Amino acid sequence: MRFSTLFSLVAVAASASAQTIAGQYDCEPAGAYTLCQNLWGESAGVGQQSSTLLSTSGNTVSWRTVWQWANNPNNVKSYANVLHNTAKGIQLANLKSAPTAWQWEYEQRSDPIRADVSYDIWTGVAQSGTAASSASSFEIMIWLSGRGGIQPVGSQVQSGIELAGHTWNLWRGPNTNWEVLSFVSADGDLTDFNADLKDFFDYIVQEQGVSSSQFVQAIQTGTEPFTGSASLLTHSFSVALN
């Protein structure tokens, strides 16, 4: 299988750099970020995943995640991601801008593939709080890619939203103790994304009843694989809160 060969080659190259993580909850420092495996749903599948830090420079980071999963095609297996260490703690009402840029590509992927490439942004009443915890009020996802017919939490509540130069469909629904709002690209894969995240924050405040007193508690970016196999390369990613 072509992917198996690629997986082996990538693994060898990553091993040589000594910056690869492969454990279920392994994390490593990545400049202004922290790179984490987060295989929180691996028990629902059979497979493997590794993530490799490629470079950091100031507020920019580059990494690769290689994964291969089978079984339970409607279950997320992981969320390999980078978490910004300091872009947090600002109230939505006081946010002036949130510039971000993400250039990524699938170096290789199986056909079919079920996976998304997404931002995962967490807000809460308190100024600080761990992502996906009792401190979380809202989870705001921005899907730059969603392949294989996968769907976000909840149901679609709006379509044809024009934000950040692209068109989005909005999904909404509860998950544990927080509410999930997912903007899904209606323009296909957005592999060269440059935007101001404040556009999304302003929309959910004005149109979805989210209080502007909410604090940004965490900004993560990465991929949620369901089934298939892929090598996802982030050439460059950055985000800031002003």
Side-chain angles (χ1 to χ4, degrees), residues 29-36 55-63 79 81-104 116-132 135-145 152 157-158 160-172 178-187 189-223 234-242:
Y33 303 83
T34 300
L35 174 64
C36 291
S55 67
T56 63
S57 178
N59 197 42
T60 302
V61 63
S62 172
W63 78 98
Y79 184 58
N81 71 90
V82 293
L83 167 71
H84 200 290
N85 297 327
T86 59
K88 56 186 177 180
I90 296 180
Q91 209 165 30
L92 296 183
N94 297 325
L95 186 65
K96 296 180 175 62
S97 66
T100 187
W102 192 357
Q103 289 76 45
W104 61 273
D116 68 58
V117 178
S118 59
Y119 289 76
D120 207 6
I121 304 167
W122 300 85
T123 72
V125 174
Q127 186 171 17
S128 63
T130 302
S136 307
S137 298
F138 291 94
E139 177 183 10
I140 303 141
M141 299 199 76
I142 304 172
W143 285 26
L144 304 188
S145 174
V157 296
Q158 188 63 267
I161 302 168
E162 299 292 332
L163 289 173
H166 298 283
T167 305
W168 310 86
N169 298 325
L170 179 64
W171 291 64
R172 181 167 185 163
W178 60 85
E179 189 80 2
V180 185
L181 293 160
S182 300
F183 293 88
V184 180
S185 169
D187 296 338
D189 288 359
L190 304 179
T191 59
D192 188 2
F193 185 65
N194 291 270
D196 187 342
L197 296 180
K198 188 175 186 300
D199 293 345
F200 296 90
F201 295 138
D202 288 347
Y203 182 88
I204 62 175
V205 169
Q206 296 165 10
E207 303 295 336
Q208 291 295 314
V210 175
S211 174
S212 62
S213 66
Q214 287 275 303
F215 286 89
V216 177
Q217 294 179 336
I219 298 179
Q220 300 169 291
T221 44
T223 182
T234 290
H235 293 281
S236 177
F237 172 76
S238 64
V239 67
L241 296 181
N242 303 308

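Since we're looking at a predicted model, the values are computed, not measured.
Looking at Asn194, its side chain never comes within 3.5 Å of a backbone N or O of Ala101 through a donor-acceptor pair. Formation of a donor-acceptor pair under 3.5 Å by the Glu139 side chain with backbone atoms of Asp120 is not found in this model. Formation of a donor-acceptor pair under 3.5 Å by the Gln220 side chain with backbone atoms of Leu83 is not found in this model. Counting only distance, with no hydrogens or angles, the side chain of Trp63 and the backbone of Leu35 share no donor-acceptor pair below 3.5 Å.
Partners of Tyr203 by ring pair (Phe, Tyr, Trp, His ring centres under 6.0 Å), not counting sequence neighbours, listed by chain and number: Phe183. Trp122 is linked by a ring pair (Phe, Tyr, Trp, His ring centres under 6.0 Å) to Trp178, counting only residues two or more places apart in sequence or in another chain. Listed by chain and number, the residues in a side chain to side chain donor-acceptor pair (under 3.5 Å) with Thr100 are Tyr119 (sequence neighbours excluded).
Separating the OH atom in Tyr79 from the SG atom in Cys36 is a distance of 11.0 Å, to the nearest 0.5 Å. Interatomic distance, CG of Asn169 versus OG of Ser182, reported as 11.5 Å (0.5 Å rounding). Separation of atoms CD (Gln214) and CG (Leu95) is listed at 13.5 Å; rounding is to 0.5 Å. Distance check, rounded to the nearest 0.5 Å: NZ of Lys198 to CD1 of Ile90 gives 11.5 Å. Taking CG from Asn85 and CD1 from Ile219, the interatomic distance works out to 12.0 Å, rounded to the nearest 0.5 Å. Atom-to-atom distance recorded for Gln208:CD and Leu170:CG is 5.0 Å, nearest 0.5 angstrom.
Counting only heavy atoms from C-beta outward, the side chains of Phe138 and Ile204 never approach each other to under 4.5 Å. Looking only at side-chain heavy atoms (C-beta outward), Thr221 and Val239 stay at 4.5 Å or farther from each other. Side-chain contact between Val180 and Pro152 is absent, with no heavy atoms from C-beta onward closer than 4.5 Å. Inter-residue side-chain proximity for Thr234 and Val61 is flagged as unmet; no heavy-atom pair is nearer than 4.5 Å.
When all heavy atoms are compared, the tightest approach of Ser185 to Leu144 is CB-O, 4.2 Å. Closest approach of Leu190 and Trp104 over heavy atoms only: O-NE1, 2.9 Å. Of all non-hydrogen atoms in Ala218 and Lys88, the two that sit nearest each other are N-CB, 4.4 Å. Contact record, Arg172 with Leu181: CD-CD2, 3.4 Å, taken as the closest heavy-atom pair. Of all heavy-atom pairs between Ala98 and Asp196, the closest is N-OD1, 2.7 Å. Across all their heavy atoms, Trp143 and Ser118 have their closest contact at CD1-CB, 3.7 Å.
Under 3.5 Å, the side chains of Asn242 and Ser97 contain a donor-acceptor pair of N or O atoms. At a cut-off of 3.5 Å, with distance as the only test, a side-chain donor of Glu162 or Thr167 sits close to an acceptor on the other residue.
Relative orientation of the Phe200 and Phe193 rings is tilted, given thresholds of 30° and 60° on the angle between their planes.
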Stepwise side-chain contact (heavy atoms from CB on, under 4.5 Å) test for Leu92 and Val205: CA-CA 9 Å; Leu92 296 183; Val205 169; 4.1 Å; yes
Ser213 vs Gln91, side-chain contact (heavy atoms from CB on, under 4.5 Å): CA-CA, chis, key distance, verdict: CA-CA 6 Å; Ser213 66; Gln91 209 165 30; 3.6 Å; yes
Audit row: Tyr33, Ser238, side-chain contact (heavy atoms from CB on, under 4.5 Å) steps and yes/no: CA-CA 9 Å; Tyr33 303 83; Ser238 64; 4.1 Å; yes
Residue pair Ile142, Ile121: steps toward the side-chain contact (heavy atoms from CB on, under 4.5 Å) verdict: CA-CA 8 Å; Ile142 304 172; Ile121 304 167; 4.3 Å; yes
